[in-house]
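Accompanying notes for the structure given below.
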2 protein chains.
Amino acid sequence: MTRVLVVDDEPQIVRALVINLKARGYEADSAADGAAALRLAAARHPDVVVLDLGLPDMDGVEVIRGLRGWTRTPIIVLSARHSSDEKVQALDAGADDYVTKPFGMDELLARLRAAVRRAEPAGGGEEDVVEAGGFTVDLAAKKVNRDGRDVRLTPTEWHLLEVLVRHTGRLVGQKQLLQEVWGPSYGTETNYLRVYMAQLRRKLEADPSHPRHFITEPGMGYRFEK
Amino acid sequence: MTRVLVVDDEPQIVRALVINLKARGYEADSAADGAAALRLAAARHPDVVVLDLGLPDMDGVEVIRGLRGWTRTPIIVLSARHSSDEKVQALDAGADDYVTKPFGMDELLARLRAAVRRAEPAGGGEEDVVEAGGFTVDLAAKKVNRDGRDVRLTPTEWHLLEVLVRHTGRLVGQKQLLQEVWGPSYGTETNYLRVYMAQLRRKLEADPSHPRHFITEPGMGYRFEK
DNA sequence: CGGCGGCGTCAGGGTTGCGTCAAGGACGAT
DNA sequence: ATCGTCCTTGACGCAACCCTGACGCCGCCG
């Protein structure tokens, strides 16, 4: 099911949107200010964000930047401002679309469908499995196989693995890892990483004490190598 | 270079668009009707299509479907119609965005940038690797390779290397180096530089005592040369 | 010719960061 | 209510890293 995060400080707009979305089979969360929006986005991982620019606590463009710091989730901006400048700023900050209030519900939903459709697996159905040494990771099916048997991963383990695999070969900073897996407010609890990296290695590495695929770069972060 | 296909039957609009696009470094083709649009899209493989719906020979939605049959290239629709129905139809047929005439050039260009940005390689873009003598530096992956083997750098070593490489060929003052790597309050501890430059040279230079890439400018700073 | 400042090298010691283990607590299922 | 799973948190040993001081070399200038 597609999950939508609605961010607006006017309750009636939020209500109208949420009702319409749920009626059409979407799952909908809502937030009334920027801080809540960033928190919810991290916690719930929506498939698309509908964002009003006129929030009480922070500039809408800042919210866009906050999201774009760690995710490519589509963002559709709502705004009462018609000014061209506003639009350009929001779009260049990373927004995907810009709709001016008052808006037609049909149009918004159509734009939402377009945004979701675009974000779908690029290939269009092919699985993307990554093979490494003695095990394979299937991103689409959320499955890990080793020596012919499926490996059971806890949600957190899987999430961590997913982030690493999506950046195969590249270093992922510990702060980035923590924020992508545990949320924006977890930037320093590096002990979480140590514990969960150990579990991943125990479950996936041939020799957990001499990892060949989950490599730690001291002081910086971790790297997944095929 | 990014290639844009402009489809519209009004010559002055086409002209205005093409001029603006070329002025901003885009490559631009144009078509005046649907048949030409489909032909040109197939021949030139544009990175994004700007499509007017009011074409003389066929319905704009048909053009969208014709394109979507074989490509996911972003399509930005232009139209004089404000009706919600038109927008929904176009978007659901596979358009990525819908702009009503008259439109602001700034806004259209911003939407175009957004569309192109989205379509970029999902993985995270091209690598920027710098090659020098016997080793390569990959800024994105934070990797250094020498003679086919990965070189392990400590955080401070890497940080220093990064600053130097980002200023390839130019002199970087010692004060600037110290402040960028160790923090604003470190402006005079030049011995740090000596120690860490030595380690970089030992790890990367073919002959560390006669450096060819990490060059000392006595009394001033250091310079990285390819 | 002698002094001096800047640079490169080396090695030791304090500190930080990492891996590991285990216990406690929240939550849902049986 | 009991069990099991998962997440969190603390403690400990160990290795790696960062800082620091000492020494010698070279070029410049008096």
Side-chain angles (χ1 to χ4, degrees), chain A residues 42-43 142 144 150-164 171-183 185-224, chain B residues 142 144 150-164 171-175 177-183 185-223:
Chain A
K142 290 205 190 305
V144 180
D150 282 357
V151 180
R152 262 189 64 79
L153 294 185
T154 74
T156 311
E157 287 165 7
W158 171 258
H159 203 158
L160 181 60
L161 174 65
E162 189 176 15
V163 174
L164 287 169
L171 173 75
V172 187
Q174 19 193 29
K175 189 170 181 179
Q176 184 185 346
L177 270 177
L178 282 165
Q179 294 190 342
E180 288 209 33
V181 176
W182 280 269
S185 55
Y186 293 75
T188 56
E189 281 81 346
T190 59
N191 45 326
Y192 290 13
L193 289 180
R194 294 206 294 276
V195 172
Y196 278 90
M197 288 301 302
Q199 305 202 357
L200 278 184
R201 297 206 251 241
R202 189 165 347 123
K203 292 186 178 180
L204 299 179
E205 291 274 6
D207 179 0
S209 55
H210 299 91
R212 298 180 41 82
H213 304 101
F214 299 94
I215 297 166
T216 147
E217 299 283 358
M220 310 207 288
Y222 293 86
R223 180 201 311 278
F224 173 75
Chain B
K142 288 210 193 314
V144 179
D150 285 353
V151 180
R152 276 189 52 82
L153 295 185
T154 73
T156 312
E157 287 164 6
W158 172 259
H159 205 156
L160 181 59
L161 174 64
E162 193 175 13
V163 174
L164 287 170
L171 172 73
V172 187
Q174 4 194 26
K175 188 170 182 178
L177 269 177
L178 282 165
Q179 294 189 341
E180 286 209 40
V181 177
W182 279 269
S185 54
Y186 293 74
T188 56
E189 284 81 346
T190 59
N191 46 326
Y192 292 12
L193 289 180
R194 294 204 293 277
V195 172
Y196 279 92
M197 287 302 301
Q199 306 205 358
L200 277 184
R201 297 206 252 241
R202 181 154 10 109
K203 291 187 178 180
L204 299 179
E205 291 274 7
D207 180 1
S209 54
H210 299 92
R212 298 178 41 84
H213 304 101
F214 299 94
I215 298 166
T216 304
E217 300 284 359
M220 311 185 53
Y222 294 86
R223 177 203 314 277

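Values below: every heavy atom of this structure, side chains too, minus hydrogens, waters and symmetry copies. Numbered from 1 within each chain, the chains take letters A, B, ... in sequence-line order.
Using modelled atom types, one side-chain atom of Glu205(B) and one backbone atom of Phe214(B) make a donor-acceptor pair closer than 3.5 Å. Although no hydrogens or angles enter the test, the distance criterion places no donor-acceptor pair under 3.5 Å between the side chain of Arg223(A) and the main chain of Glu217(A).
Between the NZ atom of Lys203(B) and the P atom of dG8(C) there is a distance of 17 Å, rounded to whole Å. The separation between Arg194(A) atom CZ and dT8(D) atom P is 14 Å, rounded to whole Å. At whole-Å resolution of the value, CZ in Arg202(A) and P in dC6(D) are 13 Å apart. Regarding Gln174(A), its CD atom lies at a distance of 10 Å from the C1' atom of dC18(C), rounded to whole Å. Between Arg152(B) atom CZ and dC17(D) atom C1' there is a gap of 11 Å when expressed in whole angstrom units. Tyr192(A) places its OH atom 18 Å from the C1' atom of dG19(C), with the value rounded to the nearest Å. Rounded to a whole Å, the CD atom of Gln199(A) is 13 Å from the P atom of dG19(C). The distance between atom CG of Asn191(A) and atom P of dC12(D), rounded to the nearest whole Å, is 16 Å.
Taking every side-chain heavy atom of Thr216(B) into account, dG8(C) is the closest of dC21(C), dT20(D), dG8(C). Closest contact between the side chain of Thr156(B) and the listed nucleotides dC18(D), dT20(D), dT9(D) involves dC18(D). Distances were taken from every side-chain heavy atom of Ala198(A) (C-beta onward) to each of dC19(D), dC7(D), dT20(C); the shortest belongs to dT20(C). Taking only side-chain atoms of Tyr196(A), from C-beta outward, the nucleotide of dG19(C), dT8(D), dT9(C) with the closest atom is dT8(D). Distance from the side chain of Thr154(B) is smallest to dC18(D) among dC18(D), dT9(D), dC6(D).
Across all strands shown, Thr190(B) has no heavy atoms under 4.0 Å from either base or sugar-phosphate atoms. Heavy atoms of Tyr222(A) sit under 4.0 angstrom from primed sugar atoms or phosphate atoms, though from no base atom. Residue contacts shown for Glu157(B) are absent, as no nucleic acid heavy atom lies under 4.0 Å away.
Between Leu171(A) and Ile215(A) the shortest side-chain heavy-atom distance does not fall below 4.5 Å.
The pair Lys203(A)-Glu157(A) counts as a salt bridge, with a side-chain nitrogen and a carboxylate oxygen less than 4.0 angstrom apart.
For dT8(D), the OP1/OP2 oxygens have a side-chain nitrogen or oxygen of Trp182(A) closer than 4.0 Å.
The aromatic rings of Tyr196(A) and Trp182(A) sit perpendicular, their planes meeting at an angle over 60°, well past the 30° parallel limit.
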